[in-house]
Amino acid sequence: MNTAHLHLADGRRVDYLIQTSARARCVRMKLSAQQGLVVVKPATTPHHYVTEWVNSKAAWIAKHWQPQVIAPATPQDLPERIELLALGETFQVIYQAEASNGVTLRIEPERVLRISGLIEEHTLCHQVLRLWLQRYAKQRLGEWLTQLAQETGLSYQGYSVKGQRSRWGSCSNQGNINLNYKLLLLPPAWARYTMIHELCHTVELNHSKRFWALVTQFAPDYPEIHHAMRGAMAELPHWVQVD
């Protein structure tokens, strides 16, 4: 990203970020609570054209840009500790500013995650944290799922981990189970129930009485857990939500 500025007629100076996007077809702008005014341009658009375009929008910017739009970062924006309740593990996150065009995450001993580079770009920090969480969940939830399959005698064809917005897990009619990596942030009983739920779908791909009877065999307290999990997705930390 590049930084530029615009002087408004009322004397205010507006600093803005110029972001290049391979998907952008035209120049556009947006107001971000964390970054302020951001101008997104196609890769082939020259910098001077962007500057001229922004200047032509000065009246609109003067009307809509207010100091309060750019809110100061809150502690939740960049977590210093990540509690993986499902595993009983806590990771410390250290941020180290360095000259860079992006950020990198390094896993260090004693469960330390070090993010270095352009750490003032909170969106980038969130992205690398989510990527780390997804990869870690792929390993740990996979081990757990294998163990539960052995305990229950239920089998599955394949397994994957994603970051769904509203679903904790799913099972296809081919017996492929997909789990949400955010399960690691939930209590262990909740994560276990979700995996039991999807394993039972390999036998009953519905929510019939037979399905719930099968779930009850391995998670007799599922009604309380099922109820408690409603709305839990919205209560997760800000950084783990999909942008």
Side-chain angles (χ1 to χ4, degrees), residues 1-74 76-79 93 95-107 113-138 160-167 178 180-182 233-234 236-243:
M1 290 188 181
N2 295 317
T3 302
H5 61 269
L6 169 70
H7 290 284
L8 301 177
D10 59 11
R12 289 181 296 167
R13 166 174 163 158
V14 179
D15 295 321
Y16 60 92
L17 296 173
I18 302 177
Q19 178 181 357
T20 301
S21 171
R23 297 180 180 179
R25 296 185 178 180
C26 61
V27 179
R28 58 185 175 86
M29 67 174 66
K30 60 182 180 179
L31 289 171
S32 166
Q34 284 74 42
Q35 297 175 299
L37 180 63
V38 179
V39 179
V40 182
K41 74 176 187 69
T44 56
T45 302
H47 184 85
H48 69 84
Y49 175 85
V50 175
T51 302
E52 294 172 1
W53 184 85
V54 171
N55 289 338
S56 72
K57 303 295 182 181
W60 183 93
I61 295 172
K63 180 180 179 181
H64 293 87
W65 184 86
Q66 298 295 335
Q68 61 264 30
V69 170
I70 308 177
T74 61
Q76 300 95 308
D77 283 335
L78 294 180
V93 187
Y95 301 90
Q96 181 175 328
E98 293 180 354
S100 174
N101 293 325
V103 298
T104 58
L105 183 148
R106 185 169 66 250
I107 305 172
L113 305 175
R114 183 179 298 274
I115 297 179
S116 58
L118 204 62
I119 61 172
E120 64 269 23
E121 294 291 342
H122 292 190
T123 298
L124 297 180
C125 295
H126 296 167
Q127 288 173 353
V128 295
L129 281 172
R130 289 195 299 269
L131 180 59
W132 164 78
L133 183 61
Q134 181 173 4
R135 290 175 175 173
Y136 195 58
K138 174 70 174 179
S160 61
V161 168
K162 297 180 181 179
Q164 303 96 316
R165 290 177 180 266
S166 59
R167 302 182 69 177
N178 178 39
N180 196 320
Y181 60 75
K182 301 167 192 173
M233 192 79 72
L236 294 177
H238 171 70
W239 65 269
V240 81
Q241 302 297 342
V242 177
D243 290 339

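Nothing fancy with the numbering, it's 1 onward along the sequence.
In terms of modelled atom types and a separation under 3.5 Å, the side chain of R12 and the main chain of A62 share a donor-acceptor contact. At distances below 3.5 Å, not a single donor-acceptor pair connects side-chain atoms of R114 with backbone N or O atoms of T104. A donor-acceptor pair under 3.5 Å is formed between the side chain of Q241 and the backbone N or O of M233. Formation of a donor-acceptor pair under 3.5 Å by the Q134 side chain with backbone atoms of V161 is found in this model.
Closest approach of G163 and Y181 over heavy atoms only: CA-CE2, 3.3 Å. The shortest heavy-atom contact between V128 and L105 is O-CD1, 3.9 Å. When all heavy atoms of K182 and R165 are compared, the closest pair comes out as NZ-CA, 4.4 Å. The two residues R130 and W239 come nearest to each other via the heavy atoms NH1-O, 3.0 Å. The two residues C125 and L78 come nearest to each other via the heavy atoms CB-CD2, 3.7 Å. Of all non-hydrogen atoms in N55 and L6, the two that sit nearest each other are OD1-CD1, 3.0 Å.
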*H238/H126 under side chain to side chain contact (heavy atoms under 4.5 Å, CB included): CA gap, chis, key distance, verdict*: CA-CA 9 Å; H238 171 70; H126 296 167; 3.7 Å; yes
*Given the rule in the side chain to side chain contact (heavy atoms under 4.5 Å, CB included) test, do E121 and L17 qualify, once you have shown the distances and angles that lead to the verdict?*
CA-CA 11 Å; E121 294 291 342; L17 296 173; 3.8 Å; yes
*Begin with the C-alpha distance, continue with both residues' side-chain angles, and end with the deciding distance and a verdict on side chain to side chain contact (heavy atoms under 4.5 Å, CB included) for V103 and Y95.*
CA-CA 10 Å; V103 298; Y95 301 90; over 6 Å; no
*What do the steps show when you test V54 against I61 for side chain to side chain contact (heavy atoms under 4.5 Å, CB included), and what is the final call?*
CA-CA 9 Å; V54 171; I61 295 172; 4.0 Å; yes
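Open room surrounds NZ on K162; 12 or fewer heavy atoms of other groups in view lie less than 6.0 Å from it.
Interatomic distance, CZ of R28 versus CH2 of W53, reported as 9.5 Å (0.5 Å rounding). Note that CG of N180 and OG of S166 are 9.0 Å apart. Values are rounded to the nearest 0.5 Å. Interatomic distance, OG of S160 versus CG of N178, reported as 3.5 Å (0.5 Å rounding).
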Ignoring hydrogens and angles, write down the donor-acceptor pairs under 3.5 Å from the side chains of residues 37-47, residues two or more places apart or on other chains.
unit_1: K41; atom_1: NZ; unit_2: T45; atom_2: O; d: 2.9

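Two residues are said to be in side-chain contact when any heavy atoms from C-beta on lie closer than 4.5 Å; I115 and L124 fail this criterion.
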